[in-house]
Amino acid sequence: MTFNESDHKAMRLAIEASAEALADGDMPFGATLVSPQGEILLVAANNQNSSADCTGHAEMVLVRNAQKQLGLRALRGATVYASGEPCAMCSGAMFWAEIKRVVYAASTEQIGTALGGPQLPARSADVLANTSPAMTVEGPLMADEACAVLARFVPD
């Protein structure tokens, strides 16, 4: 996979959001939404703890906020950059939002190594493998940077 400077810029924002989530007492994950034309639309951070919502994964927050603020049309054909490989729940939400492409930094395996604890080892590429319409899952991109933030997480 070849990633360009726009990919790196969007992923940098997702990783910065993951550090913000960590600073807010949440799991260290972030996500960026980019339009099919390459415009950065939104950035979101995990808010599971701060919002008392176990589904507050960064990608879920991003999809919810985008639909509320921009409308469902803004999600269609877009790309989501996630600091960690999306779980099955987030993958499903992105499919139903008609996201076309997902790019992740830290892989499911890297997340498991960094965080330990409960794991749902369903890789997003596997979850989305036979979707119709097709979705593209690419990564890792900037995994070292994302893993550096994950390494700062200390569980309760």
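The figures that follow rest on heavy atoms only: side chains count, while hydrogens, waters and symmetry mates do not.
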Within this structure, what is the [atom1]-[atom2] distance for the pair [X] and [Y], rounded to the nearest 0.5 Å?
X	Y	atom1	atom2	value
Tyr104	Gln110	OH	CD	8.0 Å
Lys100	Met94	NZ	CE	14.0 Å
Phe29	Ile111	CZ	CD1	4.5 Å
Glu59	Thr55	CD	OG1	11.5 Å
Glu5	Lys9	CD	NZ	8.5 Å
His8	Met142	NE2	CE	6.0 Å

State plainly whether one hydrophobic cluster holds both [X] and [Y], where clusters connect Ile, Leu, Val, Met, Phe, Trp and Tyr through side-chain heavy atoms under 4.5 angstrom apart.
X	Y	result
Met60	Leu13	no
Phe95	Val137	yes
Ile40	Val102	no
Leu150	Ile15	yes

* Asked: Can you find a pair of side-chain heavy atoms, one from Ile99 and one from Thr79, that are under 4.5 Å apart?
  ->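 They are not in side-chain contact.
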* 4.5 Å side-chain heavy-atom contact, Leu115 and Met27 ->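 A side-chain contact under 4.5 Å exists here.
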Under 3.5 Å, side chain of [X] to main-chain N/O of [Y], donor-acceptor pair present?
X	Y	value
Asn49	Gly25	yes
Thr32	Ala14	yes
Asn65	Leu62	no
Ser83	Ala146	no
Glu85	Thr108	yes

* Single hit among Leu75, Val80, Leu70 for side chain to side chain contact (heavy atoms under 4.5 Å, CB included) with Leu42 ->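 That would be Leu70.
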* Apply salt bridge (charged side-chain N to carboxylate O under 4.0 Å, His left out) to Glu98 and list each qualifying residue two or more places apart in sequence or on a separate chain. =>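 Salt bridge (charged side-chain N to carboxylate O under 4.0 Å, His left out) check on Glu98 returns Arg76.
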* Residue list, salt bridge (charged side-chain N to carboxylate O under 4.0 Å, His left out) with Asp126, at least two apart or on another chain ->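 Result, salt bridge (charged side-chain N to carboxylate O under 4.0 Å, His left out) vs Asp126: none returned.
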* How about Ser50 and Asp26: does a side-chain donor come under 3.5 Å of a side-chain acceptor? ->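 There is such a pair (donor and acceptor under 3.5 Å, judged by atom type) between the side chains of Ser50 and Asp26.
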* Asked: Taking everything shown except Asn130 itself, do over 12 heavy atoms lie less than 6.0 Å from its CG?
  ->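 12 or below, so no.
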